[in-house]
Amino acid sequence: MTANITPSRLAALVKTRCQIFQTAYNPTSARTGAKYLRARLRGPSMVKYYLPVANIAELARTYRNAGLVDFAEAQRLKDVEDKKRRGKGAPPKAKDKGQSRRTARRR
């Protein structure tokens, strides 16, 4: 004797099972991304894996009396100064809307 289970009773059974075991009830099998949301976060273990990098600029700011020099930053500032002297530097920033080159071009 085979018992025929109606689809509505089967759906009710699945819904009750989901409530008992605290799983998501998804009768349409829609993609929810639950697998990735349940997964353990990777960020903290990746941060622990790599050693912290010494930032020379930050150390120089923290310990001003130590005389630390960030040679890359010093070279960059020298290059900016040289470009300004040759007239190749960044243009001056507009103080208000009237000084903007964009508005002057539209006139």
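- For Glu73, the salt bridge (Lys or Arg N to Asp or Glu O under 4.0 Å) partners two or more places apart in sequence, or in a different chain, are Arg76.
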Cut-off 3.5 Å, no hydrogens considered: what does the side-chain donor-acceptor table look like for residues 7-16, sequence neighbours left out?
unit_1	atom_1	unit_2	atom_2	d
Ser8	OG	Thr6	OG1	3.4
Thr16	OG1	Ala12	O	2.8

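- Residues forming a salt bridge (Lys or Arg N to Asp or Glu O under 4.0 Å) with Arg42 (at least two apart in sequence, or on another chain): none.
- In this structure, Leu68 CG and Glu58 CD are separated by 12.0 Å, a value rounded to the nearest 0.5 Å.
- Checked against side chain to side chain donor-acceptor pair (under 3.5 Å), Asn55 has no partners two or more places apart in sequence or in another chain.
- Environment of CD in Gln19: crowded, with over 12 heavy atoms of neighbouring residues, nucleotides or ligands closer than 6.0 Å.
- Take Ala24 and apply the side-chain contact (heavy atoms from CB on, under 4.5 Å) test, not counting sequence neighbours, and it matches no residue.
- Within 6.0 Å of CD1 in Ile5 there are 12 or fewer heavy atoms belonging to other residues, nucleotides or ligands.
- The salt bridge (Lys or Arg N to Asp or Glu O under 4.0 Å) test applied to Asp70 returns no partner, not counting sequence neighbours.
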